[in-house]
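Just below is one structure, and these are the notes that go with it.
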Amino acid sequence: MREDLPDDFILGAATSAYQIEGAVDQDGRGMSIWDTFAAKPGAILDGSDGRHACEHYQRFPEDVALMRWLGLRAYRFSVAWPRVLPSGRGAVNTRGLDFYERLVDALLSASITPFVTLYHWDLPQVLHERGGWTSRDTAAAFAEYADVVSRRLGDRVRHWITHNEPWCTAMHGYVHGEHAPGHRDWREGLAASHHVLLSHGWAVPVIRRNAPRSEVGITLNLTYCEPASDDERDRDACRAIDGTYNRWYLDPLHGRGYPRDVIADHVARGRLDDPRLGFVQEGDLPAIAVATDMLGVNYYTRDRVRADNDGAPLSVAPQRETTDIGWEVYPEGLSTLLLRLRDEYGPSRIYITENGAAFHTSPDQTGHVHDLARQQYLHSHLRATLDACRAGVPVAGYFVWSLLDNYEWAKGYTQRFGIIWVDYTTQQRLPKDSAHWYRRVIRQHALLDPTSVAL
Ligand code: FCB
């Protein structure tokens, strides 16, 4: 049971700074909004924080050795803005930049291509105190930060992602209160979403200048949604969800401005006073629509939607198997989503920058982690990706979320997404069965059925 992968298809793994690095007060790192948010009673399910996480800051040589053992072609990680610019803007903390330079050099000498994400949610606390993403100044600060990092690493890093999941930054951070900074205000959330996109638009030319011949783009968490029934009201609820999750970001990035139906929903629901979007200034939309070289897609699950009595969208209970975090396993959604992207937006290149599953399977007495469910999840989603490639969608690579078990934001350490087990007391790493399977897939450059592979 083998099926070859396209020749140059990249298989990698992904992580992010706050979720793995630890070392929050080392070498001059400034505070981030996640340090403060995690300290709030009740904010994090198990009351934990990223103070130690996987101690990747100290242990990165061992982690790169594991990546080399896996045979990863590429590794996607994020740079912590507060390590590089502890005050958000201005004085550069060289020791922070040195860390990422050492990491990049270690990857390159292991023949692993670095994919750098500049913002994976850890805003410097000082910038938050000046308004965070609700302030336009933060977009300008981001472009300066992008300049500092790409100047230093631009001669070696050829793949740059400005933001990870702007929807999460804006909505979880400023509307739902689930992520740092924990606000609950639609007006703030909508302004934040615009400033995040604007900061992307301003950063792209800066990165291109410092890192010529590199690929620059953004990663979105796109949601595959379906109406729970054929009822007109449920279909409209699905349109609204697709609008706030997907089109609100895809449309302006592709030069279409913000979707009118979504603006009308926001005004009708009292989330916005002015349909002219006061936070959008002249020149912003062309800046956001800057041409990019790639689109990153993070995909985990589908969302089935119905309308409540008031017509507002509600997610209904999953119909199929779910992972530990409660997300339904629905690989078909990934291929459908990719085909839609090709048809409606035509990106020149797509990477699946995250895909993975939370299962708590722990080591048995012999020290093995038999996580067949994760292997099956990864297999079915890689399969769905290949289906889309065959249909002509330009998917150039796939990154497993995640290399290591890590700090899952508001869920703390309760969710394990890694293909490598991390014992948080001893910091021992242990490749799970899924890591052994992925290693074989990489070595043979073929999609191997997990049930037919003896590990
Ligand atoms: C994504 C995040 C990533 C991780 C996974 C499970 O939304 O980008 O950091 O938390 O979900």
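For ligands, and for the atoms within them, numbers begin at 1 and follow the listed sequence.
Under 3.5 Å, the side chains of H200 and T162 contain a donor-acceptor pair of N or O atoms. Judged purely by distance below 3.5 Å, without hydrogens or angles, the side chains of S199 and H163 pair a donor atom with an acceptor atom.
Because its NZ or CZ atom is both nearer than 6.0 Å to the ring centre of W421 and within 45° of the ring axis, R416 counts as a cation-pi partner of that residue. Judged by the 6.0 Å and 45° rule, R374 forms no cation-pi pair with F359. Stacking of R83 on the aromatic ring of Y57 is recorded, both the 6.0 Å distance cut-off and the 45° axial limit being met.
Among E408, K411, E354, Q415, the residue whose heavy atom lies closest to atom 1 (C) of ligand 1 is E354.
Heavy-atom contacts of W401 reach the following atoms of ligand 1: 3 (C), 4 (C), 5 (C), 6 (C), 9 (O) (cutoff under 4.0 Å). For ligand 1, the atoms sitting less than 4.0 Å from at least one non-hydrogen atom of W121 are 2 (C), 7 (O), 8 (O), numbered in the order shown with element in parentheses. Per-residue contacts place F417 under 4.0 angstrom from the following atoms of ligand 1 (heavy atoms of the residue considered): 6 (C). Listed by number with element, the atoms of ligand 1 under 4.0 Å from a non-hydrogen atom of Q19 are 3 (C), 4 (C), 9 (O), 10 (O).
Taking atom 5 (C) of ligand 1 as the reference point, the nearest protein heavy-atom neighbour is Y300 OH, 3.3 Å. Atom 7 (O) of ligand 1 has as its closest protein heavy atom E165 OE1, 2.6 Å.
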Side chain to side chain donor-acceptor pair (under 3.5 Å), that's the test. Do T353 and T219 meet it? Break it down for me. CA-CA 7 Å; T353 40; T219 279; 3.0 Å; yes
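Ligand 1 has N164 within reach: a non-hydrogen atom of the residue lies less than 4.0 Å from it. At least one heavy atom of H120 sits under 4.0 Å from some atom of ligand 1.
The two residues G201 and V290 make their nearest non-hydrogen contact at CA-CG1, 3.9 Å.
Under 4.0 Å from ligand 1, not a single heavy atom of I325 appears.
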